[in-house]
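Step one of this worksheet: look at the structure below.
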Amino acid sequence: MAADRAQKAERIRHLLATEGASVEENARGFNDGRYESVARLEEYEDYKDRARAIKEDAIEHLPDLIEQVRETVEANGGTVYLAEDAADANRYVREVASDTEADTVVKSKSMTTEEIELNEALEAEGSEVWETDLGEFVLQVAEEAPSHLVAPAIHRSCEDIAHLFNEHFDTDEDLETAQELTDFAREYLGDQIREADLGITGANFVTADTGTMALVTSEGNARKTVAVPDTHVAVAGVEKIIPTFEDLQPFVELIGRSGTGQDITSYVSLFSPPVSTPPVDFESDEPIADDPDDREFHLVLLDNGRMDMREDDQLRETLYCIRCSACANSCANFQSVGGHAFGGETYTGGIATGWEAGVHGQDSAAEFNDLCTGCSRCVNQCPVNIDIPWINTVVRDRINHSGEDGQFDFLVEGLTPDAEPAGLDLQKRFFGNFSTLAKLGSATAPLSNWGADLSPSRWLMERVLGIDRRRELPRFERETFVEWFRNRDVPRSVDADYHAVVYPDLYTNHVRTERGKAAVRTLEALGVAVEVPDVASSGRAPLSQGMVDTAAGHADEVAADLESYLEAGYDVVVIEPSDHAMFQREYEKLLSEEQHESLADRSYEVFEYIYGLLENGADISELRNADRGATEEIAYHSHCQQRTLGLESYTTAVLEDLEYDVLTSDVECCGMAGSFGYKSEYYELSMDVGSRLGEQFETPEAADRTVVASGTSCLEQLDSLLTRQPRHPITLIEPPKS
Amino acid sequence: MATLETFETNLEAVRTRITRTNTAGFTDTIAAVIDDPAVGVELPFEDLSLAETGVVCNPTPTQLREAACGVTAATLGVADYGSVILESTPDGAELSALFPETHVIVIRESDVVPDMTAAFETMGERFREGRNDAVIATGPSATADMGELVHGVHGPRETHAIIVEDD
Ligand code: SF4
């Protein structure tokens with residue numbers, strides 16, 4: 001275990017050093033571009049809903065649509081082959097190649113043909129295969145796998161590629177600039193295209209009613225691949241089929257924006273092959289249009305696990321994916337290490353877990369599944385509204401259950417039995433059962449804190465549990481937040497307009513009790529009758545380890561603990577954004593619809609609640625510094641899941657109402673992400689991600705500001721990144737203690 | 001903004017040059033903007049022809065390869081995006097639009113529609129009536145795969161829209 005972790009850490013360190021800079025520049029460029037481009041599209045949210053609805057409908061009726069495609073393509077004069085798996089698809093394409101005596105095959109970029117390793121299959125039969133997309137061409141020369149869904153060579157810089165080409169092609173003069181490299185590739189590949197006997201493309205969409213393939217590209221290579229050779233094979237996953245030609249429209253508006261942040265790519269080709277363009281024989285002297293050559297077209301529709309995914313209630317959503325890459329580009333970890341760390345056999349980053357689990361099996365997904373921290377930043381970026389972190393969680397859960405029986409089960413005291421299999425990785429079990437540890441920690445504080453800091457025990461924690469020694473551990477409070485509230489001698493308000501439970505999340509209850517106390521005082525000052533009952537922990541910790549059953553157990557307990565309060569008309573105020581997100585998002589999957597709704601509708605992030613109180617007439621002058629006259633400057637980092645739920649603005653609005661001058665960060669995630677940053681194999685990645693936030697808060701504009709953050713993890717990460725001590729915003733506004 | 005103005009603004013944003021003309025001035029305009037040698041296919045518009053412009057219609061493969069400029073018609077313009085819809089034809093419009101360095105696109109003012117919704121409605125009708133292929137083309141061919149944005153990869157490096165005003 002420890003050796004595996006060291007190896008993983010080493011691989012990540014290597015990628016950070018070699019590919020990190022190029023990946024970061026490109027992925028963040030795409031991500032920023034996406035924000036700008038979708039902001040220009042007025043009907044963005046409507047289009048996303050439409051796109052989602054079209055995909056849901058298409059996958060539901062897939063068998064019928066496949067038949068319809070067969071009919072329309074055959075009526076157009078082409079052939080359709082439904083390939084069961086990779087071998088079947090490769091065999092079919094090989095036969096086409098041999099029937100057409102294809103010595104030279106040109107391809108435009110297609111991840112689906114990467115999935116089945118078509119090039120290798122064709123080369124084994126003696127065809128020469130050329131990738132004409134420049135990114136794919138670079139990889140072909142370098143003999144590398146793609147590191148990104150859309151821009152496969154994103155990890156290579158211009159200098160890198162120049163070096164590669166100069167060595168490989170032994171050019172007369174050294175190539176240097178992007179322009180020179182592009183011109184060289186254009187010439188080189190132009191020769192191959194003119195020679196080609198067979199053109200192979202993928203398809204971004206296939207319309208059932210007209211038999212039209214849509215290809216989204218920018219270079220023009222796909223157009224040439226289709227136009228020049230007289231035989232064309234398109235390989236597409238069955239999930240690419242949509243019912244009608246007009247259904248293409250929302251996707252055309254969304255796909256470029258979501259991917260590389262272009263409103264539209266240079267070319268969206270809509271072919272209903274065989275195409276009407278005459279093929280070009282560059283050896284002939286006859287006018288092209290007079291050439292009587294017939295065209296041949298084969299559409300290979302690939303199953304390769306997709307029809308099973310369709311039957312799988314959890315993985316089905318993956319089939320809605322249009323492979324735009326937004327989920328990878330908005331992923332903080334991906335921005336640091338790129339697809340070679342995130343990679344399964346073919347697909348990388350974001351939704352790749354779902355694809356790999358579906359087409360190559362769980363083992364291929366296992367290796368990188370941990371890199372999804374569940375920060376949820378990708379969720380709103382997905383043009384078809386796929387809950388990508390949930391798919392990652394489900395796959396993680398399945399991987400947990402597929403392990404061998406473990407031997408470490410009883411090594412660490414205090415881990416309660418949970419609903420998970422015996423073989424579950426001990427580190428996962430440790431973090432997943434953090435609630436037990438926290439209880440124990442408070443009960444034995446301050447002793448527990450001393451013990452945890454002593455270096456031999458830190459060494460042991462690193463060896464056995466993979467908790468990185470460089471991280472400061474949470475310090476447990478002897479008196480929990482719940483106990484403090486119970487022991488406090490403050491009369492309850494009898495005629496309050498609002499009644500609220502302040503939810504004692506794990507960290508607020510055991511570690512950061514001061515923010516709970518501040519929340520209680522603040523709400524009471526604004527006229528709320530507050531209760532802090534003993535409520536179960538949310539299950540966020542086990543869920544992030546992929547322990548779905550255990551998390552569901554927590555959800556049930558929380559619902560039961562809060563039921564009587566909800567029935568009595570209490571609101572639930574949540575301080576920890578990741579727990580608030582649990583109630584709003586994940587509980588939908590873990591509880592009955594009724595239970596989820598009653599809790600989600602009535603629970604509020606603490607500043608969302610305060611904002612509501614102030615809007616409804618609560619007296620802001622009760623809060624600290626409401627009239628102190630001087631403006632205080634703060635730098636605020638909202639929490640990833642809080643931003644996904646659109647809640648960042650409540651905190652900034654309340655702070656600004658209180659005359660704070662607020663500067664906000666715009667990084668996707670702090671990099672800590674609960675337990676992620678503690679794990680020794682991910683510590684350096686976590687710090688690399690965090691450094692982007694650290695840098696933002698070290699700029700001249702931010703360097704003197706008070707640093708404020710909403711999430712526990714963010715506070716811990718900022719604490720390790722900056723010399724300034726970060727604070728929770730509630731501690732800025734709580735009324736002066738009387 | 002009027003549709004045509006929006007179209008022109010967005011054409012410029014996607015690096016497409018614009019020349020406005022009318023039916024009477026069309027032949028002279030084409031002759032003036034093309035680089036020799038130029039290839040193309042005859043336009044599907046009444047009163048507009050490439051005869052007398054110096055453009056070689058129905059080229060051989062060698063002429064296609066050596067052409068500096070290709071002239072073809074656009075079926076539609078999409079104002080919101082600065083895009084043009086190029087339909088493939090049996091006389092090879094797709095090839096003249098794709099191989100030469102510069103693509104000169106002839107589009108009639110009356111064929112400019114405001115947005116993709118309108119474009120897809122018209123294209124849908126045309127596809128159902130038997131048209132097979134079209135490209136929604138927006139600006140020149142481009143790539144960032146070599147580490148920086150470069151124009152002119154497998155397709156044209158420059159695009160030039162000739163907008164023929166309504167008479
Ligand atoms: S899951 Fe969504 S965001 Fe990710 S690639 Fe697929 S469509 Fe794009």
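Lettering of chains follows the sequences in order, A, B, ..., and the numbering in each one begins at 1.
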Check this for me: [X], atom [atom1], are more than 12 non-hydrogen atoms of other residues, nucleotides or ligands nearer than 6.0 Å?
| X | atom1 | result |
| --- | --- | --- |
| A:Glu25 | CD | no |
| B:Glu52 | CD | no |
| B:Glu101 | CD | yes |

With a 4.5 angstrom heavy-atom cut-off, which part of [X] approaches chain A: side chain, backbone, both or neither?
| X | value |
| --- | --- |
| B:Ile85 | neither |
| B:Leu149 | neither |
| B:Arg15 | neither |

Interchain contact, [X] with chain B, by part (heavy-atom threshold 4.5 Å):
| X | answer |
| --- | --- |
| A:Thr265 | backbone |
| A:Leu134 | both |
| A:Pro250 | neither |
| A:Val275 | both |
| A:Thr212 | side chain |
| A:Tyr47 | side chain |

For [X] and [Y], which heavy atoms make the closest approach, and how far apart are they?
| X | Y | answer |
| --- | --- | --- |
| B:Pro156 | A:Tyr267 | CD-OH, 3.4 Å |
| A:Asp263 | B:Tyr81 | O-CE2, 3.5 Å |
| B:Asn58 | A:Pro287 | O-CB, 3.5 Å |
| B:Glu94 | A:Ala227 | CG-CB, 4.4 Å |

What residue, out of [options], has the most heavy-atom pairs lying under 4.5 Å from chain A?
| options | value |
| --- | --- |
| B:Thr62, B:Leu95, B:Asp115 | B:Leu95 |
| B:Gly139, B:Gly147, B:Gly92, B:Pro59 | B:Pro59 |
| B:Ser88, B:Gly124, B:Ala137, B:Ala134 | B:Ala134 |
| B:Leu64, B:Val14, B:Ile136 | B:Ile136 |

Just so I understand: if I count every heavy-atom pair under 4.5 Å between each of [options] and chain B, which residue has the most?
| options | value |
| --- | --- |
| A:Pro273, A:Ser272, A:Gly220 | A:Ser272 |
| A:Thr182, A:Asn26, A:Val228 | A:Thr182 |
| A:Glu136, A:Arg40, A:Arg257 | A:Arg257 |
| A:Thr210, A:Asp209, A:Ile154 | A:Asp209 |

> Of A:Leu181, A:Thr177, A:Leu175, which meets side chain to side chain contact (heavy atoms under 4.5 Å, CB included) against B:Met146?
Replying inline: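 Of the listed residues A:Leu181, A:Thr177, A:Leu175, the side chain to side chain contact (heavy atoms under 4.5 Å, CB included) partner of B:Met146 is A:Leu181.
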
Rounded distance (nearest 0.5 Å) linking atom [atom1] of [X] with atom [atom2] of [Y]:
| X | Y | atom1 | atom2 | value |
| --- | --- | --- | --- | --- |
| B:Asp133 | A:Thr277 | CG | OG1 | 6.0 Å |
| A:Ser266 | B:His154 | OG | NE2 | 12.5 Å |
| B:Phe127 | A:Leu270 | CZ | CG | 5.0 Å |
| A:Ile288 | B:Ser96 | CD1 | OG | 7.0 Å |
| B:Thr143 | A:Arg186 | OG1 | CZ | 12.0 Å |
| B:Arg65 | A:Phe282 | CZ | CZ | 7.0 Å |

Just wondering, do [Y] and [X] contact through their side chains at under 4.5 Å, heavy atoms?
| X | Y | answer |
| --- | --- | --- |
| A:Asp285 | B:Gln63 | no |
| A:Asp133 | B:Asp145 | yes |
| A:Asn221 | B:Val153 | no |

Any donor-acceptor pair under 3.5 Å linking the side-chain atoms of [Y] with those of [X]?
| X | Y | result |
| --- | --- | --- |
| B:Thr117 | A:Gln249 | yes |
| B:Asn132 | A:Ser276 | no |
| A:Glu219 | B:Ser141 | no |

> Hey, is A:Glu246 close enough to B:Arg128 for a salt bridge, meaning N to O under 4.0 Å?
Replying inline: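 Yes, A:Glu246 and B:Arg128 are salt-bridged.
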
